[in-house]
Structure formats: C-alpha cells, structure tokens
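Please read all numbers here as calculations on a predicted model, not as lab measurements.
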Amino acid sequence: MQNECSTGKTSLDLVYWEQKPYVFEDKERGEISGAIPEILRIVFKACCHKSPNISAKLIEYPKSLKTTIDQYSEEIIIPVGRRVGLEKSIFLRPFVGSVHSPGMAIVVQRSIPGEELLAAILDSWPIVIFIGMSLSLSGIVMWALDNRKNSEEFPKFFPIGVFEGVWWAAVTMTTVGYGDKVPRSIAGRLFGVVWINVGLVILAIFMGIITASLSSNSLEQVNNLYGMPVAVLNGSAEEQLAILQNAEVHVKTSYDELYKSVKSEETVLALVDIFSTTQHSEYYNTYKLYVATVLGEPVIYGAVLPKTNAALRSCFLSYQGNHQLEIHEILEKFSKTKQYGGDNSSSGADYFDGNLFGYAVYGMFGLFLLALAVGLFWQYYPREKKAQEIQNRKAKQDVSKPDQKTVKTNLEVNGHQRNTSSNCGEHTERLMAAQSAELLAMEDELKAFRKNWEKNFRALQERHKQEQQRLFELDNLGYEM
C-alpha cells in the first residue's frame with residue numbers, strides 16, 4: 001500500500017482480530033465495523049478526498065504481536081494498544097493512535113459476603129485459640145478465688161467448678177451478664193473487674209483482625225499489582241503494565257480464557273481495557289465477574305501502518321488533533337451497552353453456588369432436620385408404643401373373657417360357687433376388723449393430742465397471769481412502764 005493518495009489507490013488492506021468496540025465483524029452486513037475502521041474511513045477520505053474500499057482479513061488473536069507485524073508487512077494491523085508515551089512506533093513500524101482509553105479495568109469475581117466472613121473467621125484461628133485459652137485460664141482463676149465462699153455457684157469439685165468458671169468468663173467477656181454466676185469474695189470481684197476490661201480488649205482485637213482480613217480480601221482499592229496473579233491478553237498494553245509492576249503475569253489469547261482464569265481462581269484478577277469491558281456483559285453473567293476498580297493508566301488504541309505510509313500517518317495525526325470531538329462521538333456510538341458488568345451485588349442463588357458459605361448453610365439445614373426428626377421421634381414414639389401396649393393388653397383381656405366365663409360355668413356346675421362366696425365374706429370381715437383397729441388407734445392419738453394441748457394452754461394462761469401481777473407490782477412501786 002504505497003502512496004495511496006498520489007497513485008489513486010482507494011483501498012485499505014486491513015488485518016484485524018476482534019476486540020469490541022474498536023473492531024469487529026458486523027455479521028448482519030458482512031463487513032468490518034468498529035470505532036477504528038470508522039475513523040480510518042473518515043481520515044482517508046479527508047486526506048485523499050476519496051472514499052476507501054476496505055479489504056479486511058480476520059485472524060485469531062496473535063500469540064506473538066511481533067510475528068504478526070512481521071508477517072503482514074504491507075497491511076494495516078488493528079487494533080493495537082500502546083501505553084501513552086510509547087505510541088510513536090512499534091517494532092520499527094509507524095503507529096497511529098485513534099482512540100484514547102482512560103485506564104484499565106480490574107475484573108474480579110463477585111464476592112459472597114457470607115463466604116468472605118467465614119473465610120475471615122477461619123483465617124483468624126490463632127486469635128480464636130487465644131480466646132479459648134484466656135477463657136479457660138480466667139475460669140480456673142475465678143474458681144480458685146471464689147469456691148470457698150461461694151461453693152454453690154462455683155462447686156469445690158474441680159471439673160464442675162472450672163466449667164462454671166469458664167461459663168462465667170465467657171458471659172462476662174461478651175458483656176452479656178446473665179447474673180446466674182456472681183463472684184462473692186473480694187478477690188473474686190476484683191478479678192472480675194480486671195477480666196471485664198481484658199475481655200473487651202480481646203474481643204476488640206478479634207473484631208479488628210476479621211475487619212482487616214475482609215479489607216485485605218477486597219480488590220476495590222488496588223492500585224499496585226505487585227506479586228498478584230494477573231491475567232492479560234498477549235501483547236497488550238495491560239501485559240506491559242503487569243510486567244512493569246512485577247505482577248505474576250498469566251498471558252491469554254482470548255477473552256474467554258482471560259475471564260475463565262479468574263473464575264477458576266488461577267488468577268486473582270484480569271486487566272482489561274475499560275472500553276472493552278462495556279461489551280463483555282455475557283462474560284460477567286456467565287462467570288459471575290464484575291469491574292472492581294479502574295487503574296488510571298491511559299492507553300491509545302490504533303493501527304500499525306506499513307513503513308512507507310509516513311504521509312498517511314502525518315495526515316492522520318493532524319486530523320485527529322483537529323477533530324477530537326468527532327472521534328469521541330464515534331467511540332461513544334460503538335461503546336454503548338445494554339447491561340453494565342460493574343455491580344458486585346449477588347443474587348440469592350450465588351450464596352449456595354458451590355462455595356464455603358453455601359456448604360455451611362446446607363450442613364446446618366441438614367443438622368436441623370436431623371435434630372427435628374430425632375426430637376419428634378423421641379417425643380411421640382414412646383407414647384405410640386405405650387398406646388399400642390395398652391391396646392394389645394385390652395385385646396388379650398377380650399380374648400381371655402370367654403375362657404373365664406367357661407371356667408365360671410364349670411365352677412357353678414361343680415358346686416364351687418358357695419365356697420367362693422364364703423371366701424369373699426371372710427376376706428371382707430378381716431378388712432373391716434383392720435379398719436376398725438386403725439380408727440381406734442387414730443382416736444387414741446387424737447385424745448392424747450387434746451390432753452397435751454389443754455395442758456400447755458393452762459400453763460400459758462398461768463404464766464400470763466403471773467406476768468400481769470408482776471407488772472402491777474412494778475407499777476405500784478413507782479416504775480414507769
């Protein structure tokens with residue numbers, strides 16, 4: 001492609017890979033589209049006063065940008081991104097920037113609050129052990145100080161007393177204060193004052209560690225990629241930045257691979273051009289990702305020209321400097337999207353989609369159902385068993401009744417009815433004699449009680465009479481009563 005304007009050539013030979021909104025294939029019209037091809041058409045027409053015929057060849061995202069540039073030496077290669085300050089040339093070929101991108105988006109997984117909280121608690125296991133040891137020691141000390149004067153609340157039996165002491169320490173440290181265990185001794189109360197303050201400090205440390213852990217897991221304030229596993233597209237400006245900041249770079253050759261590496265936790269985040277993220281809503285929904293923040297690293301996207309196109313480059317730069325508003329309108333036209341992927345909100349289903357919080361909830365629900373079933377079985381099975389036993393006993397009695405009638409009939413036939421009646425009469429006489437003896441004994445006890453009561457009553461009356469006489473004598477002697 002040499003001296004297009006001077007030779008009358010009206011075609012632009014492009015080699016491109018898809019990267020919305022900069023360049024992509026319009027399948028409805030069957031031609032190349034995007035912000036950069038549109039800008040190239042306008043610039044070519046302004047510089048050469050002719051409308052160009054664009055011949056475009058679609059290739060896969062290059063595994064090596066240098067190899068692609070060397071392979072297509074006579075074609076215009078788009079879209080190529082360069083960090084601001086490095087946009088004059090690339091691999092000894094002129095580069096013209098057409099679209100200025102304000103920064104790079106950090107794309108991460110959507111967070112699950114419950115999962116992050118559980119992970120933070122698990123990460124804080126040293127302080128949890130420290131709290132357990134502090135409670136145990138405090139319980140032992142309280143038992144030692146208070147069991148002598150307060151053995152009812154802190155029993156002298158060591159295991160039970162220490163258990164009660166640990167319970168008191170836990171309730172006191174959390175400032176709940178049920179009041180079921182209270183130190184009575186002076187030493188115990190002084191230690192209680194100390195433990196209240198120490199417990200507050202320990203809880204504050206624990207909450208601070210959890211808060212710090214939750215904050216450290218958040219990537220919304222990231223401004224440095226040092227040491228982080230980062231996914232980037234091969235040969236992109238994002239790769240350059242990740243290398244400069246000494247990140248653990250994972251190079252990918254497609255957006256699908258890029259986002260899949262974040263979802264699979266191969267990498268912590270993906271660096272993506274901020275305008276490209278507006279076209280990736282389907283990836284965010286599929287892999288549950290979102291834009292956490294934007295790094296203020298400006299990037300220029302444009303075209304790599306053949307070496308002989310210095311005049312076209314000069315014309316392009318001149319036109320771009322004078323028509324910034326028109327270029328921004330073109331970019332806005334292609335960067336609009338129906339759905340934005342920058343929200344970290346999680347739906348209810350996300351809480352149970354194969355994560356630690358979901359497993360914990362499922363486990364708790366299973367334990368609840370198991371405990372409920374055991375409780376209902378424990379409550380109702382004995383009653384049903386007893387009811388069944390009663391029914392079985394009645395059934396046996398009903399079955400045995402005809403046999404008893406038959407036996408009774410046989411006894412009557414054999415002349416045993418008179419003996420049975422006489423036996424019942426003798427038993428009744430003995431029972432009545434025993435009851436009469438009991439009534440006589442109770443009557444004797446009542447008489448003895450009455451006699452004793454009358455004796456005590458007469459003694460009390462006599463004593464009262466003597467006291468009245470004494471008071472009368474003291475009054476006559478002149479004592480004021």
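Atoms NE2 and OH, on His280 and Tyr287 in that order, are 12.0 Å from each other to the nearest 0.5 Å. Atoms CD1 and CZ, on Ile69 and Arg93 in that order, are 6.5 Å from each other to the nearest 0.5 Å. Ile127 contributes atom CD1, which lies 10.0 Å from atom CD1 of Ile129 (distance to the nearest 0.5 angstrom). The structure places CD1 of Ile106 at 10.5 Å from CD1 of Ile274, a figure rounded to the nearest 0.5 Å. Rounded to the nearest 0.5 angstrom, Leu145 CG and Asn150 CG are separated by 11.5 Å. Atom CD of residue Glu25 and atom CG of residue Leu58 lie 6.0 Å apart, to the nearest 0.5 angstrom.
Annotation: side chain of Leu14 is not in contact with side chain of Lys57 (no heavy-atom distance under 4.5 Å). Contact check for Ile90 versus Leu65: side-chain heavy atoms found under the 4.5 Å cut-off. The closest side-chain heavy-atom distance from Lys20 to Ser276 is not below 4.5 Å. Contact annotation: the side chain of Ile77 approaches that of Trp17 to within less than 4.5 Å [non-hydrogen atoms, C-beta and beyond]. Phe44 is not listed as a side-chain neighbour of Cys315, based on a closest heavy-atom distance of 4.5 Å or more. Between Ile32 and Ile54 there is a side-chain heavy-atom pair separated by less than 4.5 Å. At a threshold of 4.5 Å between non-hydrogen side-chain atoms, the residues Leu241 and Met104 count as touching. Within the 4.5 Å cutoff, the side chain of Ile76 has no heavy atoms near those of the Val15 side chain.
In terms of modelled atom types and a separation under 3.5 Å, the side chain of Ser261 and the main chain of Thr267 share no donor-acceptor contact. Side-chain atoms of Ser98 come within 3.5 Å of backbone atoms of Tyr301 as a donor-acceptor pair (strictly under, hydrogens ignored). Proximity of a side-chain donor or acceptor of Glu74 to a complementary backbone N or O of Pro306 within less than 3.5 Å is not detected. Side chain of Thr286 to main chain of Glu282: a donor-acceptor pair is present (N/O by atom type, distance under 3.5 Å, no hydrogens or angles). Glu239 places a side-chain N or O within donor-acceptor distance of the main-chain N or O of Gly235, the cut-off being under 3.5 Å. Without hydrogens or angle criteria, Asp146 side chain to Met142 main chain gives no donor-acceptor distance under 3.5 Å. Under the 3.5 Å distance criterion, the side-chain polar atoms of Ser138 are left unmatched by any main-chain donor or acceptor of Ser134. Listed for the Gln245 side chain is a donor-acceptor partner under 3.5 Å among the backbone atoms of Leu225.
By the 30° and 60° cut-offs, the orientation of the rings of Tyr255 relative to Tyr259 is parallel.
Residues Phe275 and Ser101 come closest through the heavy atom pair CE1-CA, 3.7 Å. The nearest pair of heavy atoms linking Leu258 to Val232 is CD1-N, 3.4 Å. Minimum heavy-atom separation, Ser318 to Asn322: O-ND2, 3.1 Å. Ile78 approaches Pro37 most closely through the heavy-atom pair CD1-CG, 4.1 Å. Closest heavy-atom contact between Ile300 and His100: CD1-CE1, 3.2 Å. The heavy-atom pair separating Pro229 from His250 by the smallest distance is CB-NE2, 4.1 Å.
Screening residues 137-166 for ring-ring contact (aromatic ring centres under 6.0 Å, His included) gives Trp143-Phe158 as the qualifying pairs, with residues at least two apart or on separate chains.
Atom CZ of Phe91 is surrounded by more than 12 heavy atoms from other residues, nucleotides or ligands within 6.0 Å. Annotation for Glu60: atom CD does not count as buried by contact number, only 12 or fewer foreign heavy atoms lying within 6.0 Å. Around the NZ atom of Lys252, the shell of radius 6.0 Å holds more than 12 heavy atoms that belong to other residues, nucleotides or ligands. No more than 12 heavy atoms of other residues, nucleotides or ligands lie within 6.0 Å of CG in Leu92, so this atom counts as exposed by the packing criterion.
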*Stepwise, does the side chain to side chain contact (heavy atoms under 4.5 Å, CB included) test hold for Lys66 with Thr68?*
CA-CA 5 Å; Lys66 183 179 185 305; Thr68 302; over 6 Å; no
_Run the side chain to side chain contact (heavy atoms under 4.5 Å, CB included) test on Tyr72 and Asp13 for me, step by step, so that the C-alpha distance in whole Å, both residues' side-chain angles and the decisive distance to 0.1 Å come before the verdict._
CA-CA 10 Å; Tyr72 301 99; Asp13 298 326; over 6 Å; no
_Quick one, Phe24 with Tyr16, criterion side chain to side chain contact (heavy atoms under 4.5 Å, CB included). Give me CA distance, side-chain angles, the key distance, then yes/no._
CA-CA 8 Å; Phe24 57 92; Tyr16 75 99; 6.0 Å; no
*Decide yes or no on side chain to side chain contact (heavy atoms under 4.5 Å, CB included) for Val262 and Leu289, but give the supporting numbers first.*
CA-CA 8 Å; Val262 179; Leu289 308 174; 3.8 Å; yes
*Given salt bridge (charged side-chain N to carboxylate O under 4.0 Å, His left out), test Glu297 with Arg83 step by step and report yes or no.*
CA-CA 7 Å; Glu297 295 287 340; Arg83 296 178 65 211; 3.1 Å; yes
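A salt bridge between Glu164 and Lys181 is present, with a side-chain N of the basic residue lying under 4.0 Å from a carboxylate O of the acidic one. We find that Lys260 and Glu266 are not joined by a salt bridge, their nearest charged nitrogen and carboxylate oxygen being 4.0 Å or further apart.
Asp180 and Trp168 share no side-chain donor-acceptor pair at under 3.5 Å.
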Quick one: side chains of residues 186-198, donor-acceptor pairs under 3.5 Å with protein atoms, not counting sequence neighbours, listed by atom name and distance.
unit_1, atom_1, unit_2, atom_2, d
Arg189, NE, Pro183, O, 3.1
Trp195, NE1, Ala169, O, 3.0
Asn197, ND2, Val193, O, 2.8

